[in-house]
Each structure stands twice: as structure tokens, then as C-alpha cells.
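One-based numbering along the sequence shown. Scope of the values below: all heavy atoms of this structure, side chains included, with no hydrogens, waters or symmetry mates.
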Amino acid sequence: MPDVMSSSRLVGVGVGPGDPELVTVKGVNALRAADVVVVPVMDTGERGRAEATVLHYVPQEKVLRIVFALNERSDHSRREAAWDAAGERVAELLRVHGSVAFATIGDPNVYSTFTYLAHTIGELVPDVVVETVPGITAMQDLAARSGAVLTEGTEPLTLVPVTAGAAVLKDALAGPGTVVAYKFGRQAAEVAEALRETGRIEDAVWGSALGLDGESIRSAAELDGAPLPYLSTLIAPARRDGTRGGKL
């Protein structure tokens, strides 16, 4: 058993939006160096996107699924109980192993389950060393695949989780710069309405399952109100006049 006081490490590793080729070299090294790689799931029988990516680089026997109420927003007590149980399980692992990696899609510091886990572990195992390895985000991947430019010159960039409500997105769209919306699939109709009301729909693009089977990248003008995959991403580029260096 390792000396938790001096050697145990919890490493949040961003494994990108789903395409295994978009995991960084540092991320792969961190996954392979860990004694155990934890992946978050909603059900122990499912294989989530993080696990599918991880398995390109580490063997199955090194991967452990831990249940989080990832999409639970209405039942706060259930969500808290899932976080607490996950934290206890990871704390147990840290008492046995010197290094535990937690694989998260995207980046561990951008709307990631790892944030909650690290907070819980900090209370349960106060002397553990917590580190993160950055990952490529869905907005970067969608920008690359669609040709949408995220920012130019002095333009701001606003990232909005639509789980906070379509009104928050509408406020952002009314402002300057590029707006990116995450997790908007269940509110696709409200998002399309906000884009139309603010005059931003023609240049906007959305995508889901980027780099995976079933990838879809389309103009937001095609949104017809039908629900989309939960992890859909939208980019509404800044209003630009077409001149080179116009925002410098």
C-alpha cells in the first residue's frame, strides 16, 4: 500500500471529444502511467465516450467504470449521492494505488465531471496530489471540421451550456463575438429560435458525434426543431465584414 501522504496522485486527463486521434501525447502518457484509469458512466453496463477513447491506448483490465448521474439535473439528492459514492470509490483506489487517472471527454477544467470528483477527493484524502492534463474541446474539433473560425483579432468568445436555459444563450447571441453552445440537443428548437431572433442563424453551424460513426455537421439554418443528440455543439461565428484583419 502506498504512502498516501507522499505519493498518491489523482490525474484528470482530457481525452478530447471522441476521436481517439485527438488525445494528446501527454494524455496518452498519463493514461498509461496510471495504475488504474477511471471512466465516468451513467450505468455500469454501458461504454461511454471517454472509455471508448481510452481503450485505444490502455487495456480493458486497467479501466474501471464508476457511475455518475451525468445527465441528472432535476433530482439534486440523487446527483449528490452519485458524486459522493464515486468519490468514496476513487478514495479507496488511491489508498491502494499510487496513481489513479480519471478520463473525461473534452478538457478536465471545462464543464467536466472531474471538477466535482476532485473537490470530493480533496475532502476525503486531503494530502493527495491532484493534477490535470488538458484535452482538445468539442468547439475546437467542430471549428476544424466545419471551417468555422472561432475568433479573430479582438473578438470575444462566449461559451454557454444550454442546460442553463435558452435565455442565457439568447443574451450571449445579442452581444459581440463568437458564441459556442454546448449540450443543446434537447433544446434544439429553442436554440434555433434564439439564432433567428438575433440574426445569427445563417452563419452558425452545429455538430455531433465528431470523429465517430454517425458524425453530423450541418448548418444551423437546417434546424427544424427535432431533438438532437445531447452532446451537440453549436458555433455562431462573430459578425464579420469580410475584410482581412478587420478585427485587429
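The CD1 atom of Ile235 sits 10.5 Å away from atom CG of Leu159, with the distance rounded to the nearest 0.5 Å. Taken to the nearest 0.5 Å, the CD1 atom of Ile121 stands 8.0 Å off from the CD atom of Glu88. With values rounded to the nearest 0.5 angstrom, Lys183 atom NZ is found 16.0 Å from Leu228 atom CG. In this structure, NE2 in His97 is found 10.0 Å from OG in Ser8, a value given to the nearest 0.5 Å.
Thr158 approaches Ala172 most closely through the heavy-atom pair CG2-CB, 4.0 Å. Counting all heavy atoms, side chain and backbone alike, Leu210 lies closest to Ala138 at CD1-O, 3.8 Å. In terms of heavy atoms, Leu223 sits closest to Ala188 at CD1-O, 4.5 Å. The shortest non-hydrogen separation linking Arg32 to Lys62 is O-NZ, 2.6 Å. Contact between Val67 and Ala86 at its shortest, heavy atoms only, is O-CB, 4.0 Å. The shortest heavy-atom contact between Val15 and Ala103 is CG1-CB, 4.1 Å.
Between Arg49 and Leu212 there is a side-chain heavy-atom pair separated by less than 4.5 Å. Between Phe102 and Val130 the shortest side-chain heavy-atom distance does not fall below 4.5 Å. Within the 4.5 Å cutoff, the side chain of Pro17 has heavy atoms near those of the Leu22 side chain. With a 4.5 Å cut-off on side-chain heavy atoms, Thr53 and Ile105 do not count as touching.
Judged purely by atom type and a 3.5 angstrom limit, Tyr57 uses its side chain to pair as donor or acceptor with the backbone of Pro20. A donor-acceptor pair under 3.5 Å links the side-chain atoms of Tyr182 to the main chain of Met139, judged by distance alone. Under a 3.5 Å cut-off, the side chain of Thr132 and the backbone N or O of Gly12 do not form any donor-acceptor pair. Checked by atom type and distance alone, the side chain of Ser112 never pairs as donor or acceptor with a backbone atom of Asn109 at under 3.5 Å.
Under the 4.5 Å side-chain heavy-atom criterion for grouping Ile, Leu, Val, Met, Phe, Trp and Tyr, Val54 is not connected to Ile66 through any hydrophobic cluster. Residues Val11 and Leu117 do not share a hydrophobic cluster, clusters being chains of Ile/Leu/Val/Met/Phe/Trp/Tyr side chains in contact below 4.5 Å. Following chains of ILVMFWY side-chain contacts shorter than 4.5 Å, one can reach Leu64 starting from Phe68, so the two form part of one hydrophobic cluster. The hydrophobic clustering, which links ILVMFWY residues whose side-chain heavy atoms are closer than 4.5 Å, places Leu142 and Tyr111 together. By the criterion of side-chain heavy atoms lying less than 4.5 angstrom apart, applied directly or through intervening Ile, Leu, Val, Met, Phe, Trp or Tyr residues, Leu31 is not grouped with Leu93; the two fall into different hydrophobic clusters.
Applying the salt bridge (charged side-chain N to carboxylate O under 4.0 Å, His left out) test to every pair with at least one member in residues 165-177, sequence neighbours left out, gives these pairs: Lys170-Glu197. Screening residues 198-215 for side-chain hydrogen bond (donor to acceptor under 3.5 Å, both in side chains), with sequence neighbours left out, gives Arg145-Glu215.
Partner of Thr233 under the side chain to side chain contact (heavy atoms under 4.5 Å, CB included) criterion, chosen from Val205, Val180, Ile217: Val180. Of the listed residues (Val37, Leu94, Asp35), just one forms a side chain to side chain contact (heavy atoms under 4.5 Å, CB included) with Val100, and that residue is Leu94. With respect to Phe184, the side chain to side chain contact (heavy atoms under 4.5 Å, CB included) criterion is satisfied by exactly one of Thr163, Leu169, Val162: Val162.
Atom CD of Gln60 has more than 12 heavy atoms from other residues, nucleotides or ligands within 6.0 Å.
A salt bridge does not link Arg196 with Glu193: none of the charged nitrogens is closer than 4.0 Å to a carboxylate oxygen.
Of the N and O atoms on the side chains of Gln140 and Thr137, at least one donor lies less than 3.5 Å from an acceptor on the other residue.
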Practice prompt. Apply salt bridge (charged side-chain N to carboxylate O under 4.0 Å, His left out) to Glu92 and Arg89, showing your working.
Written response: CA-CA 5 Å; Glu92 292 174 3; Arg89 185 71 183 93; 3.5 Å; yes

Worksheet entry | side-chain contact (heavy atoms from CB on, under 4.5 Å) between Val36 and Val96, worked out | CA-CA 10 Å; Val36 179; Val96 176; over 6 Å; no

